[in-house]
Every structure is written in C-alpha cells, then in structure tokens.
Amino acid sequence: MAKLNSIKPSGKKEEGFFEQVYEVVRQIPRGRVSSYGAIAAVLGTKLSARMVGWAMNGSHMVRPKVPAHRVVNRNGMLTGKHHFSPPEKMEELLKKEGIRVIDDQVQDFKKKFWNPQEEWS
DNA sequence: ACGCTGACTATTA
DNA sequence: CTAATAGCCAGCG
C-alpha cells in the first residue's frame, strides 16, 4: 500500500480540478452512468482519465455527496466499486436506479451512457 | 524541487 | 481473442 492519504482536505479549499469533477458527476441524472474518459474530456484532461478517478477518491468526503457510483470505466465495469463503503453498495445503488449490473459490469452501458458534454457547455 | 502513485484509456505483442 | 505496456495530469512527501 503506497500512500493511504493521497488526498487530504486540510482545511484548505481544494479548488481546482477536483471540484470540477464533482460538479460534472453531480450532473449525472438518475438511471444514467458516465465514464471517466467522458468527464475527463469535459475537463480537458481526456488524455488522462486517471485524474478523474483520483478526484473521485475525495468525492467520498466531499459535500454534497457525489454519485461516484454512476461513474464507471470505459468498459462499463465498476472498477471503483472497491473504493465504496461497502463496495457492494455501488452496484446496489445502480440497480435501484434501474441499471442492470451483472458481474460488476453495467448492462446496456452504451445505452445508459450519459455524455457530460451534452449538458456541459 | 523531484519522484511516486493512481477508481483510466488506447495501442502493441 | 487476451495480456502487457506506455502515456497522461495533478497532488503529496
């Protein structure tokens, strides 16, 4: 385990890349899912979707809560489900939203895919 | 200031 | 078809 902290909100306002990601993810409507690459593209870092996922790391403590469970990888796989608490909560939430999740994979992901660029001018 | 890590993505073997 | 590697950007020690 490398660093357990990674992101630490030490009272300082983390204004920047993170808040941007949170905003976009919060725009995701219920019953829809998005991908890191798509969000990254809106932020301008489409070449590095890693930053998006990393930002999500802080989404857990960010207020208001960020629907990170609606964000999956390009394959529709719940790669970040292990970062939830508990991880099974992610697919459970998605299922409740009407999204079919089988084997950590979003069914009809392409159909449920929500493009942030559409809502994000 | 330099280096490392990271919930990804695309390309090459 | 599956597996492995490279590229990417931003924050923290």
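We use all heavy atoms of the structure for the numbers below, so side chains are in, but hydrogens, waters and symmetry mates are not. Chain letters run A, B, ... following the sequence lines, proteins first, then strands; residues in each count from 1.
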Undergrad: If you check the His60(A) side chain, which of dA7(B), dT9(B), dA10(C) turns out closest?
TA: dA7(B)

Undergrad: Given atom CG of Asn57(A) and atom P of dA7(B), what is their separation to the nearest angstrom?
TA: 7 Å

Undergrad: Atom CG of Asn75(A) to atom P of dA10(B): distance rounded to whole Å?
TA: 9 Å

Undergrad: Select base, sugar-phosphate, or nothing to describe what His69(A) touches, counting heavy atoms under 4.0 Å on all strands.
TA: nothing

Undergrad: Please determine if Glu97(A) and Arg32(A) form a salt bridge, counting it only when a charged side-chain N lies under 4.0 Å from a carboxylate O.
TA: no

Undergrad: Using atom C1' in both nucleotides, what's the gap between dA7(B) and dG13(C) to the nearest angstrom?
TA: 22 Å

Undergrad: Give the rounded distance in Å between these two atoms: NZ of Lys46(A) and C1' of dA10(B).
TA: 13 Å

Undergrad: From the list dA7(B), dC8(C), dA10(B), which nucleotide is the closest neighbour of the side chain of Ser59(A)?
TA: dA7(B)

Undergrad: Please determine if Arg74(A) forms a cation-pi arrangement with Phe113(A), meaning its NZ or CZ atom is less than 6.0 Å from the six-membered ring centre and no more than 45° off the ring axis.
TA: yes

Undergrad: Taking Met77(A)'s backbone N and O only, do any of them form a donor-acceptor pair with Asn75(A)'s side chain (distance below 3.5 Å, no angle check)?
TA: no

Undergrad: Checking Glu91(A) side chain against Lys89(A) main chain: does a donor-acceptor pair fall under 3.5 Å?
TA: no

Undergrad: Answer yes if Val66(A) and Trp114(A) sit in the same cluster of Ile, Leu, Val, Met, Phe, Trp and Tyr residues linked by side chain heavy atoms under 4.5 Å apart, and no otherwise.
TA: yes

Undergrad: Please round to the nearest 0.5 Å and tell me the distance separating atom CD1 of Ile39(A) and atom CD of Gln27(A).
TA: 11.0 Å

Undergrad: Could you state the atom-to-atom distance from CG of Leu93(A) to P of dA7(B) in whole Å?
TA: 20 Å

Undergrad: I want to verify a distance call: between dG11(C), dC8(C), dT9(B), whose nearest atom is closest to the Phe18(A) side chain?
TA: dG11(C)

Undergrad: Measure the distance from CG on Leu43(A) to P on dA10(C) and round it to the nearest whole Å.
TA: 10 Å

Undergrad: Just the rounded figure in Å: distance from C1' of dC4(B) to CH2 of Trp54(A).
TA: 10 Å

Undergrad: Would you jot down, in residue-number order, the residues of residues 32-41 of chain A having a non-hydrogen atom under 4.0 Å from DNA chain B?
TA: Tyr36(A), Gly37(A)

Undergrad: Would you say the rings of Phe18(A) and Trp54(A) are close, in the sense that their centroids are separated by under 6.0 Å?
TA: yes

Undergrad: From CE of Met56(A) over to P of dA7(B), roughly how many Å is that when rounded to an integer?
TA: 13 Å

Undergrad: Name the closest nucleotide to the Ala68(A) side chain, picking from dA10(B), dA7(B), dA10(C).
TA: dA7(B)

Undergrad: Whole-Å distance between dC9(C) C1' and Gln20(A) CD?
TA: 14 Å

